[in-house]
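Just below is one structure, and these are the notes that go with it.
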Amino acid sequence: MVATLFIDGTWRAASDGAAHEVRSPHDQSLVATVSQATQADVLDAIGAARASFDSGIFTSWSFKARSELVSKIADLLERDTDVIARKESDDTGKRFIEAQYDVADVVSTFRHFAALGAKEHGRSVDVGIAHVSSRIVHEPLGVASLIGPWNYPLLQIAWKVAPALVAGCSFIVKPSELTPQSAIALMKIIEEAGTPKGVANLILGPGSVVGTSLISDPRVDLVSFTGGLTTGQTIIRAAAETVKKLALELGGKNPHIIFADADIDAAIDNAVTAAFLHSGQVCSAGTRLIVERSIHDRVVNEIVRRAAKISLGGPDDEMAETGPLISQAHLNNVSAYVQRGIAEGATLLVGGKRSDKPEHAKGWYYLPTVLDNCQGKMYCVQEESFGPVMTVEVFDSEAEAIAIGNDTVFGLSGGVWSGDAAKAARVASALRHGTIWVNDFGPYRPAAEWGGYKQSGIGRELGEHGLGEYLEIKHIWTNNAPSRSGWFKDQ
Ligand code: NAD
């Protein structure tokens with residue numbers, strides 16, 4: 001029986017023995033069989049996290065000691081890079097080399113939070129009274145449910161686990177049911193590094209089955225979630241009952257604005273990468289191209305030429321530039337999204353269908369797609385496809401470019417290309433999105449905050465705020481010369 005749940009420091013099978021088969025999106029081959037938790041297992045994991053937190057077994061460690069633990073985890077992750085990258089590419093279908101880059105990013109994330117934790121925490125406040133000392137102290141927030149998506153499975157979990165450990169929280173990790181293997185590997189490393197029993201717990205299974213208690217149980221203080229908007233809304237509703245803290249990283253439909261005075265060659269190349277990297281399965285993908293009318297034909301023709309030549313393939317295909325979609329259901333959704341765009345009046349310039357190459361027959365390969373002549377109110381412009389689908393709109397003025405870029409319920413990221421630094425700075429400032437790239441698209445660093453405006457989320461990951469999500473802030477006022485308050489008459 002497979003035993004891949006980690007509860008209270010022990011590897012366990014599901015209480016009813018249930019298991020789940022993970023299949024490669026590249027060819028549907030069986031890549032792993034993992035335990036599928038029951039409701040009883042979830043309650044056990046929450047109980048273990050709560051008991052470990054309340055016992056003080058980890059909260060009593062100093063920030064410095066917890067940072068050293070996180071640093072050790074970074075070393076072990078680095079040691080196991082290739083083993084973990086293999087699991088990640090098996091589950092997601094992404095190229096092995098991309099999975100190696102992802103693990104490198106995971107290691108950097110752990111190192112960033114280790115360094116942040118080692119800094120001084122808290123501060124003194126001058127309250128203007130000589131005999132009063134006032135301290136602001138940071139304390140671990142409590143028990144956290146950490147729920148991740150399937151596109152960057154380990155990285156999105158790492159953005160939560162590393163700060164939770166530095167802060168001293170106890171937690172339950174739940175990766176996507178489609179991509180569980182890298183989270184199992186991470187838990188083994190967390191165990192090997194010497195994390196106290198019950199602090200880190202792992203639950204596997206579909207959100208609809210194992211998620212409910214993780215987001216509503218009164219013993220959970222914080223839900224940190226990365227995934228789709230609809231699931232995020234469900235979590236907000238469920239968390240209301242017990243007023244949980246929430247950190248939500250949701251979807252995006254991210255504007256990518258190109259002005260006529262930009263470095264057009266660089267802008268085009270980045271636009272192709274922004275939309276089609278990882279087949280568009282990137283929350284910050286630049287899939288909403290907004291291009292100045294005078295350069296529309298030049299830019300779009302070249303993007304279409306490039307998109308048609310993108311080479312698709314599985315984890316070990318050295319010629320491949322990107323891989324399959326995660327599942328058949330997702331492929332069907334992306335396909336329906338494109339058809340709906342065409343029905344609404346968009347012009348299909350390239351792609352718009354599943355790859356018909358024989359070597360892709362068993363995989364979920366969808367061709368890079370460009371939809372031109374799009375208008376702001378179309379479904380394909382407003383909604384995220386989370387697939388390789390670029391929509392194109394035109395603008396005639398700076399004000400119009402900004403208005404289009406902000407005409408969305410989302411606010412995760414955006415890009416602006418211009419040779420006029422002052423104009424680019426004005427547009428970057430006016431766009432209501434959490435990350436803006438100027439004359440670039442896509443890079444991020446763990447030291448810089450990541451997160452969404454509007455319906456792209458609540459709170460921030462990474463940077464300094466990414467640790468703050470896992471901390472409570474307490475003010476301690478100490479009067480060193482006690483005296484009567486004298487407010488009421490003492491009759
Ligand atoms: P999803 O919302 O379907 O699932 C995300 C996770 O939530 C999975 O682990 C799933 O099992 C779980 N879940 C589902 N229903 C649940 C419930 N009722 N209770 C508790 N947990 C539940 O999202 P997905 O399809 O895995 O990921 C794609 C989405 O994630 C896209 O919208 C993408 O934009 C977003 N995303 C955002 C960021 C970001 O940084 N903002 C990063 C990556 C992905």
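All values below come from the heavy atoms of this structure, side chains included, with hydrogens, waters and symmetry mates left out. Keep in mind it's a predicted model, so treat the numbers as computed, not measured.
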If every non-hydrogen atom of [X] is compared with every non-hydrogen atom of [Y], which pair is closest and at what distance?
{"X": "L367", "Y": "G351", "result": "CB-CA, 3.9 Å"}
{"X": "E469", "Y": "L141", "result": "O-CD1, 3.6 Å"}
{"X": "K253", "Y": "T391", "result": "NZ-OG1, 3.5 Å"}
{"X": "A401", "Y": "I257", "result": "O-CD1, 3.6 Å"}
{"X": "E464", "Y": "E449", "result": "N-OE2, 2.7 Å"}

How long is the straight-line distance from [atom2] of [Y] back to [atom1] of [X], given to the nearest 0.5 Å?
{"X": "S279", "Y": "H330", "atom1": "OG", "atom2": "NE2", "result": "9.0 Å"}
{"X": "L348", "Y": "Q339", "atom1": "CG", "atom2": "CD", "result": "8.0 Å"}
{"X": "Q100", "Y": "R95", "atom1": "CD", "atom2": "CZ", "result": "10.5 Å"}

Does [X] count as lying over the ring of [Y], i.e. NZ or CZ under 6.0 Å from the six-ring centre, within 45 degrees of the axis?
{"X": "K454", "Y": "F410", "result": "no"}
{"X": "R293", "Y": "F395", "result": "no"}
{"X": "K94", "Y": "Y152", "result": "yes"}
{"X": "R340", "Y": "Y337", "result": "no"}

A quick test of your reading: do over 12 heavy atoms of other residues, nucleotides or ligands sit less than 6.0 Å from [atom1] of [X]?
{"X": "Y101", "atom1": "OH", "value": "no"}
{"X": "H121", "atom1": "NE2", "value": "yes"}
{"X": "Q375", "atom1": "CD", "value": "no"}
{"X": "D265", "atom1": "CG", "value": "no"}
{"X": "K423", "atom1": "NZ", "value": "yes"}
{"X": "R432", "atom1": "CZ", "value": "no"}
{"X": "E21", "atom1": "CD", "value": "yes"}

Give a yes or no answer on whether the side chain of [X] reaches the backbone of [Y] with a donor-acceptor pair at less than 3.5 Å.
{"X": "E472", "Y": "H138", "result": "no"}
{"X": "S145", "Y": "L214", "result": "yes"}
{"X": "N406", "Y": "A430", "result": "yes"}
{"X": "S71", "Y": "S67", "result": "no"}
{"X": "R354", "Y": "G363", "result": "yes"}
{"X": "E400", "Y": "D396", "result": "yes"}
{"X": "S385", "Y": "V334", "result": "no"}
{"X": "T231", "Y": "G227", "result": "no"}

With a 3.5 Å cut-off and no angle check, do the side chains of [X] and [Y] form a donor-acceptor pair?
{"X": "S418", "Y": "D420", "value": "no"}
{"X": "S311", "Y": "E321", "value": "no"}
{"X": "K160", "Y": "T226", "value": "yes"}
{"X": "D372", "Y": "H296", "value": "yes"}
{"X": "S355", "Y": "K357", "value": "no"}
{"X": "N373", "Y": "T347", "value": "yes"}

Looking only at the aromatic ring of each residue, does the gap between the centers of W159 and F110 stay below 6.0 angstrom?
no

Using 30° and 60° as the class limits, which term best fits the ring planes of W417 and H256: parallel, tilted or perpendicular?
tilted

Where does the angle between the aromatic ring planes of W437 and W450 fall among parallel (under 30°), tilted (30 to 60°) and perpendicular (over 60°)?
tilted

Evaluation steps, salt bridge (charged side-chain N to carboxylate O under 4.0 Å, His left out), between E241 and K244
CA-CA 8 Å; E241 195 63 32; K244 294 189 195 318; over 6 Å; no

Could you go through D82 and K87, starting from their C-alpha distance and side-chain angles, then the distance that decides it, and tell me whether this counts as salt bridge (charged side-chain N to carboxylate O under 4.0 Å, His left out)?
CA-CA 9 Å; D82 284 358; K87 292 176 190 297; over 6 Å; no

